[in-house]
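To keep things clear, I will list the structure first and then write my remarks on it.
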Amino acid sequence: MTSCYHIFSSFTPIASIHTHTPLTYENSYSYRAVGFSEQDINVSKNSTLILIDYIGTYDIDRNIYVLRGGHPLNAPSKIQILHKK
């Protein structure tokens with residue numbers, strides 16, 4: 001029987017997609033930056049990276065958008081695409 005999920009040795013990824021963990025059940029002091037992390041960018045190598053992440057709120061002290069603990073699970077999210085050459 002041949003598996004339809006066989007990956008050939010000449011396999012070249014053209015894109016990867018993932019999401020970031022919600023903080024719905026964390027306390028309100030928990031937070032994380034939204035968007036691509038440094039690790040996301042390093043792992044994606046030369047392929048396109050697609051990220052589905054929450055929008056979050058702007059944190060003026062950190063000058064970034066963050067997601068805070070206790071947010072609704074269905075809070076607004078967006079798709080971000082990073083093309084690497």
Side-chain angles (χ1 to χ4, degrees):
M1 184 168 146
T2 305
S3 169
C4 63
Y5 300 107
H6 178 74
I7 298 176
F8 298 97
S9 60
S10 61
F11 171 76
T12 302
I14 58 170
S16 62
I17 183 170
H18 77 284
T19 64
H20 284 166
T21 307
L23 300 177
T24 302
Y25 305 108
E26 298 293 326
N27 65 47
S28 61
Y29 300 108
S30 300
Y31 72 92
R32 67 164 174 80
V34 297
F36 295 105
S37 68
E38 187 176 326
Q39 186 176 14
D40 292 337
I41 294 167
N42 291 338
V43 167
S44 71
K45 300 190 181 182
N46 293 328
S47 65
T48 297
L49 181 60
I50 302 168
L51 172 66
I52 302 170
D53 200 2
Y54 291 97
I55 293 173
T57 56
Y58 185 71
D59 185 322
I60 196 165
D61 295 328
R62 293 178 179 84
N63 197 30
I64 58 171
Y65 281 84
V66 298
L67 183 65
R68 298 203 180 278
H71 67 85
L73 192 57
N74 62 350
S77 61
K78 66 180 179 178
I79 297 173
Q80 299 177 51
I81 301 173
L82 176 67
H83 297 284
K84 293 181 78 175
K85 295 182 179 185

Worksheet entry | Worked check of side chain to side chain contact (heavy atoms under 4.5 Å, CB included) between His20 and Leu67 | CA-CA 10 Å; His20 284 166; Leu67 183 65; over 6 Å; no
Discussion item. Other residues, nucleotides and ligands only: do more than 12 of their heavy atoms fall within 6.0 Å of OH on Tyr58?
Written reply: yes
Worksheet item: Near Tyr31 OH, under 6.0 Å, is it more than 12 heavy atoms from other residues, nucleotides or ligands?
Response: no
Could you grab the distance from atom [atom1] of [X] to atom [atom2] of [Y], nearest 0.5 Å is fine?
X: Leu49; Y: His18; atom1: CG; atom2: NE2; value: 6.0 Å
X: Tyr65; Y: Thr57; atom1: OH; atom2: OG1; value: 9.0 Å
X: Ile52; Y: Thr19; atom1: CD1; atom2: OG1; value: 7.0 Å

Worksheet entry | Chi angles and distances behind the side chain to side chain contact (heavy atoms under 4.5 Å, CB included) call for Asp53, Lys78 | CA-CA 6 Å; Asp53 200 2; Lys78 66 180 179 178; over 6 Å; no
Item to complete: Of all the heavy-atom pairs spanning Ala33 and Ile64, show the shortest one and how long it is.
Response: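 Nearest pair, atom of Ala33 first, then Ile64: CB-CD1, 3.8 Å.
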Worksheet item: How far apart are the closest heavy atoms of Ser47 and Ala15, and which atoms are they?
Response: CB-N, 4.0 Å
Worksheet item: Checking side chain to side chain contact (heavy atoms under 4.5 Å, CB included) for the pair Leu82/Thr48: CA distance, chi angles, key distance, verdict?
Response: CA-CA 6 Å; Leu82 176 67; Thr48 297; over 6 Å; no
Worksheet item: Sub-3.5 Å donor-acceptor pair from the side chain of Asn27 to the main-chain atoms of Ser30, do we have one?
Response: yes
Worksheet item: Any sub-3.5 Å donor-acceptor pair from Arg32's side-chain atoms to Thr21's backbone N or O?
Response: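 Here the side-chain-to-backbone pair exists.
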Worksheet item: Under a 4.5 Å side-chain heavy-atom rule over Ile, Leu, Val, Met, Phe, Trp and Tyr, are Ile79 and Leu51 clustered together?
Response: no
Worksheet item: Would Val34 end up clustered with Ile60 when hydrophobic side chains under 4.5 Å apart are linked, directly or stepwise?
Response: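 Yes, it is one cluster - the side chains of Val34 and Ile60 are joined through contacts under 4.5 Å.
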Discussion item. Taking the ring of His71 and the ring of Tyr54, is the distance between their centroids below 6.0 Å?
Written reply: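 Yes; His71 has its ring centre under 6.0 Å from that of Tyr54.
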Worksheet entry | CA sep, side-chain torsions, deciding dist, call: Gln80, Ile50, side chain to side chain contact (heavy atoms under 4.5 Å, CB included) | CA-CA 6 Å; Gln80 299 177 51; Ile50 302 168; over 6 Å; no
